[in-house]
Amino acid sequence: MKKIPIGVEDFKEIIRDNFYYIDKTQYIEEILNDGSKVKLFTRPRRFGKTLNMSTLKYFFNMKNAEENRQLFKGLNIEKSSCISEQGQYPVIFISLKGIKTNTWEEYLSKLKSLIKRLYNEFDRIWLQKAGGDYENSLRDLTAYLYKYYKKEAVLLIDEYDSPLITAYEYHYYDEAVTFFKMFYGEALKTN
């Protein structure tokens, strides 16, 4: 018997554990065919943005590509010629949802820990190569992945606006906006 996926945001978990799933994988073909290099998904809260990004992660990721391909059996994207793109790219998935602190120093410390964990997900690629340059860490990681795999990385940033909302709420907006202009800008601009 199928279950209702209340609070489940992981595509693999939904498919593997036989939850109800409304097939939205057709949007993968639309993303691949629209020609833009950067996509911004804006939807109201609780509208499935995290689930959609999780779906993209499992679709594009080279890591566990064959296992992930099974997740798309019988779904719309499997019938598309775009299925050939499945499992072809290194994928960076970062969520900034969980960091909430009262000061910029605390925020930056937690963000650095998150970035270190992100770098540790990739074999042979470590933040030490970037010399601790956290403002450019996403740009540098995409460059390292390109150099290693000879393929552009797919970069998925969930809750990208959360840091600035938190910064505004706790009165360290000026510090945060200066940092995140570089953090996002360098990773997305002409990359």
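As the structure is a prediction and not an experimental result, all values here were calculated from the model.
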Quick check for you: to the nearest 0.5 Å, what is the distance between [X] atom [atom1] and [Y] atom [atom2]?
{"X": "Leu75", "Y": "Ile28", "atom1": "CG", "atom2": "CD1", "value": "8.5 Å"}
{"X": "Glu159", "Y": "Ile165", "atom1": "CD", "atom2": "CD1", "value": "8.0 Å"}
{"X": "Ile77", "Y": "Asp23", "atom1": "CD1", "atom2": "CG", "value": "9.0 Å"}
{"X": "Ser137", "Y": "Lys116", "atom1": "OG", "atom2": "NZ", "value": "11.5 Å"}
{"X": "Leu155", "Y": "Leu188", "atom1": "CG", "atom2": "CG", "value": "6.0 Å"}
{"X": "Lys97", "Y": "Asp158", "atom1": "NZ", "atom2": "CG", "value": "6.0 Å"}

**OP:** Please check if Tyr146 and Ile157 belong to a single hydrophobic cluster, counting links between Ile, Leu, Val, Met, Phe, Trp and Tyr side chain heavy atoms closer than 4.5 Å.
**Re:**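 Tyr146 does not cluster with Ile157.
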Original post:
Of Tyr134, Tyr107, Trp104, which is the lone residue that meets ring-ring contact (aromatic ring centres under 6.0 Å, His included) with Phe179?
Top reply: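 For Phe179, the ring-ring contact (aromatic ring centres under 6.0 Å, His included) check succeeds only for Trp104.
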Please confirm whether the backbone N or O of [Y] pairs with a side-chain atom of [X], one donor and one acceptor, at under 3.5 Å?
{"X": "Ser109", "Y": "Glu105", "value": "no"}
{"X": "Gln86", "Y": "Ala65", "value": "yes"}
{"X": "Asn76", "Y": "Gln26", "value": "no"}
{"X": "Glu186", "Y": "Met182", "value": "no"}
{"X": "Ser36", "Y": "Lys39", "value": "no"}

Quick one: closest heavy-atom pair of [X] and [Y], and the distance?
{"X": "Ala153", "Y": "Ile92", "answer": "CB-CD1, 4.3 Å"}
{"X": "Ser54", "Y": "Glu9", "answer": "CB-O, 3.5 Å"}
{"X": "Leu114", "Y": "Ser95", "answer": "CD2-O, 3.6 Å"}
{"X": "Ser81", "Y": "Ser84", "answer": "O-OG, 3.1 Å"}

**OP:** Could you verify whether a donor N or O on one side chain and an acceptor N or O on the other, from Asp10 and Tyr58, lie under 3.5 Å apart?
**Re:**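 Side-chain D/A pair, Asp10 to Tyr58: present.
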Within-4.5 Å side-chain heavy-atom neighbours: [X] and [Y]:
{"X": "Leu138", "Y": "Leu118", "answer": "yes"}
{"X": "Thr55", "Y": "Leu51", "answer": "yes"}
{"X": "Phe59", "Y": "Val154", "answer": "no"}

Subject >> Tyr89: side-chain hydrogen bond (donor to acceptor under 3.5 Å, both in side chains) partners, not counting sequence neighbours >> reply: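 side-chain hydrogen bond (donor to acceptor under 3.5 Å, both in side chains) check on Tyr89 returns Glu85.
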**OP:** Would you list the pairs meeting side-chain hydrogen bond (donor to acceptor under 3.5 Å, both in side chains) in which at least one residue belongs to residues 166-176, sequence neighbours left out?
**Re:**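 Of all non-adjacent pairs touching residues 166-176, those that pass side-chain hydrogen bond (donor to acceptor under 3.5 Å, both in side chains) are Thr101-Tyr172.
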Original post:
side-chain contact (heavy atoms from CB on, under 4.5 Å) between Lys12 and Lys57: does it pass, once the steps are laid out?
Top reply: CA-CA 10 Å; Lys12 182 177 184 176; Lys57 176 183 86 172; over 6 Å; no
Subject >> Worked check of side-chain contact (heavy atoms from CB on, under 4.5 Å) between Phe122 and Tyr148 >> reply: CA-CA 10 Å; Phe122 298 95; Tyr148 184 76; over 6 Å; no
Subject >> Over 12 non-hydrogen atoms of neighbours within 6.0 angstrom of NZ in Lys2 >> reply: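 It does: Lys2 NZ has more than 12 such atoms within range.
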Original post:
Has Lys79 got more than 12 heavy atoms of other residues, nucleotides or ligands less than 6.0 Å from its NZ?
Top reply: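 Yes, because the 6.0 Å sphere around NZ of Lys79 holds more than 12 heavy atoms from other groups.
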Original post:
Do the ring planes of Phe180 and Tyr184 sit parallel (below 30°), tilted (30 to 60°) or perpendicular (above 60°)?
Top reply: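 Ring orientation, 0 to 90° scale: tilted.
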Subject >> Residue pairs, two or more places apart or on separate chains, that pass ring-ring contact (aromatic ring centres under 6.0 Å, His included) and touch residues 19-38 >> reply: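 Every ring-ring contact (aromatic ring centres under 6.0 Å, His included) pair that includes a residue of residues 19-38, provided the two are not neighbours, is Phe11-Tyr21.
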**OP:** Check the pair Leu56, Val91 against side-chain contact (heavy atoms from CB on, under 4.5 Å), reporting the backbone distance first and the verdict last.
**Re:** CA-CA 9 Å; Leu56 292 172; Val91 174; over 6 Å; no
Subject >> Intermediate values then yes/no, side-chain contact (heavy atoms from CB on, under 4.5 Å), Thr142 and Leu145 >> reply: CA-CA 5 Å; Thr142 61; Leu145 290 172; 5.7 Å; no
